[in-house]
> 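Following this message is one structure expressed as structure tokens.
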Amino acid sequence: MQETGSKNVISVQVSPRGILINTESAGHSSEWMDAGSVFTAQALRQSYDSAVVSSFTPAVTLIPSDFHIKGNERSLLSSVAAVADGDSVFSEPLPEFGAVLLWAPGPEAPLAGAVAQTLRLAGCNNVRTVPEVFRLLGFLPGIPKYNKVLCSYDGNTLCLVIAEGKSLRLCSTFRAGAFTTAEYWIFNAVKSLQLNMEMTDVFFATPLSSEDEISLCSYFRSVEIIY
């Protein structure tokens, strides 16, 4: 999950759109940066105590820990997501939820690898590569709100985590080529879980335009940006 013991940390979100850099001191990048920025971004050439490189891969699923049989990860993930023959399948235990997250790298895997290698060369010995939904799950303990919706959106994939109190209700990704489609998936998920929108808070881990933020504020109690 998120590294909270040190303030000298960086997280880099990677998607086919490019990269978004987040640090404790600066927060979000001003905007998504193209893939070539991995060779020029000054923030990637500083030394950090820890780093998280997260990707917007859609090949991800959460299963109960009791269903996890070591060596059977590919079969389980392939039943709900497209996994190519050459793709590696990874697992991330989530004991606080009694679950295991299974995932396979998406098309941005080479870029994620380049970011991770750049950070290691800069002196960071603790670099983790994870799916973006895993990074979102790491925010949950620090958010005291009862009904909470956590989102990341890169213009093509919506990563969505919903919790009610201490109960994790949803953890998934959705294809969304426009923000209106991302909103549809958020609204649909909240309604299907029978959560009251006016008593639900939304947290975005990617930048929002003022128009998109105003649109969400029309339905939910609050909308906040998290890093």
Side-chain angles (χ1 to χ4, degrees), residues 1-60 62 70 73-74 77 81 83-96 100-142 150 152-157 159 161 171 173 205-207 225-227:
M1 308 299 274
Q2 276 195 290
E3 302 289 344
T4 57
S6 169
K7 293 188 179 302
N8 188 24
V9 300
I10 185 174
S11 68
V12 184
Q13 293 156 284
V14 180
S15 89
R17 183 175 180 177
I19 64 174
L20 187 68
I21 299 172
N22 316 282
T23 63
E24 290 287 336
S25 59
H28 282 304
S29 303
S30 58
E31 59 184 14
W32 283 90
M33 306 163 70
D34 63 36
S37 299
V38 69
F39 303 109
T40 60
Q42 188 60 37
L44 298 181
R45 276 153 180 76
Q46 300 176 29
S47 180
Y48 299 93
D49 294 326
S50 63
V52 174
V53 181
S54 60
S55 63
F56 280 72
T57 173
V60 59
L62 194 70
K70 192 171 180 59
E73 292 89 353
R74 174 177 294 275
L77 183 59
V83 181
D85 290 341
D87 286 348
S88 298
V89 176
F90 303 95
S91 62
E92 291 285 353
L94 296 166
E96 62 269 46
V100 175
L101 191 72
L102 305 180
W103 66 288
E108 65 273 26
L111 180 56
V115 171
Q117 180 64 10
T118 299
L119 289 166
R120 292 188 183 100
L121 290 174
C124 183
N125 296 318
N126 182 15
V127 181
R128 298 191 67 192
T129 301
V130 298
E132 176 64 13
V133 291
F134 184 82
R135 195 178 82 95
L136 287 179
L137 289 166
F139 287 107
L140 286 178
L150 282 66
S152 290
Y153 180 58
D154 70 345
N156 188 56
T157 299
C159 297
V161 168
C171 174
T173 65
T206 45
I225 302 296
I226 53 178
Y227 306 121

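Source: prediction; values computed, not measured.
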> For Ser91 versus Leu102, what's the shortest heavy-atom pair and its separation?
CB-CD2, 3.7 Å
> Could you go step by step and tell me if Leu94 and Phe134 meet the side chain to side chain contact (heavy atoms under 4.5 Å, CB included) rule?
CA-CA 9 Å; Leu94 296 166; Phe134 184 82; 3.4 Å; yes
> For a 4.5 angstrom cut-off between non-hydrogen side-chain atoms, does Leu44 reach Ile19?
yes
> Could you tell me whether the side chain of Ser15 reaches within less than 4.5 Å of the side chain of Asn156, counting heavy atoms only?
no
> What's the shortest heavy-atom distance between Cys171 and Val161, and which atoms?
SG-CG2, 4.2 Å
> Ignoring hydrogens and angles, tell me if any N or O in the side chain of Arg45 forms a donor-acceptor pair with the backbone of Phe39 under 3.5 Å.
yes
> Just by modelled atom types, is the Asp154 backbone N or O under 3.5 Å from a matching donor or acceptor in the Gln13 side chain?
no
> For a quick test of reading the model, state the closest non-hydrogen atom pair linking Thr57 to Pro105 and the distance between them.
OG1-C, 3.8 Å
> Nearest 0.5 Å please: distance from the OG atom of Ser55 over to the CG atom of Leu111.
10.0 Å
> Among Ile10, Val53, Val12, find the one that has a side-chain contact (heavy atoms from CB on, under 4.5 Å) with Val127.
Val53
> Please step through side chain to side chain contact (heavy atoms under 4.5 Å, CB included) for the pair Leu62 and Val133, ending with a clear verdict.
CA-CA 10 Å; Leu62 194 70; Val133 291; over 6 Å; no
> Can you see which heavy atom on Ala81 is nearest to which on Pro58, and at what distance?
CB-O, 4.4 Å
> Is the side chain of Asn8 donor-acceptor paired with the backbone N or O of Ser47 at a distance under 3.5 Å, no angle test?
yes
> For Tyr153 and Gly155, indicate whether the former's side chain and the latter's backbone hold a donor-acceptor pair under 3.5 Å.
yes
> Would a distance-only check, ignoring hydrogens and angles, find a side-chain to backbone donor-acceptor pair under 3.5 Å from Ser152 to Thr206?
no
> So Tyr48 and Leu119, side chain to side chain contact (heavy atoms under 4.5 Å, CB included) or not? Walk me through it.
CA-CA 8 Å; Tyr48 299 93; Leu119 289 166; 4.2 Å; yes
> Rounded to the nearest 0.5 Å, how far does CD of Glu132 lie from CG of Leu150?
10.0 Å
> Tell me every residue that passes salt bridge (Lys or Arg N to Asp or Glu O under 4.0 Å) with Glu108, counting only those two or more places apart in sequence or in another chain.
none
> Measure the CG-OG distance between Leu20 and Ser37 for me, rounded to the nearest 0.5 Å.
11.0 Å
> Looking only at non-hydrogen atoms, find the nearest pair between Ser50 and Val9 and report the distance.
OG-CG1, 3.0 Å
> How close do Ile21 and Ala43 get, heavy atom to heavy atom, and via which atoms?
CG2-CB, 4.0 Å
> Would you give the length of the straight line joining atom CH2 of Trp103 to atom CG of Asp87, rounded to the nearest 0.5 angstrom?
10.5 Å
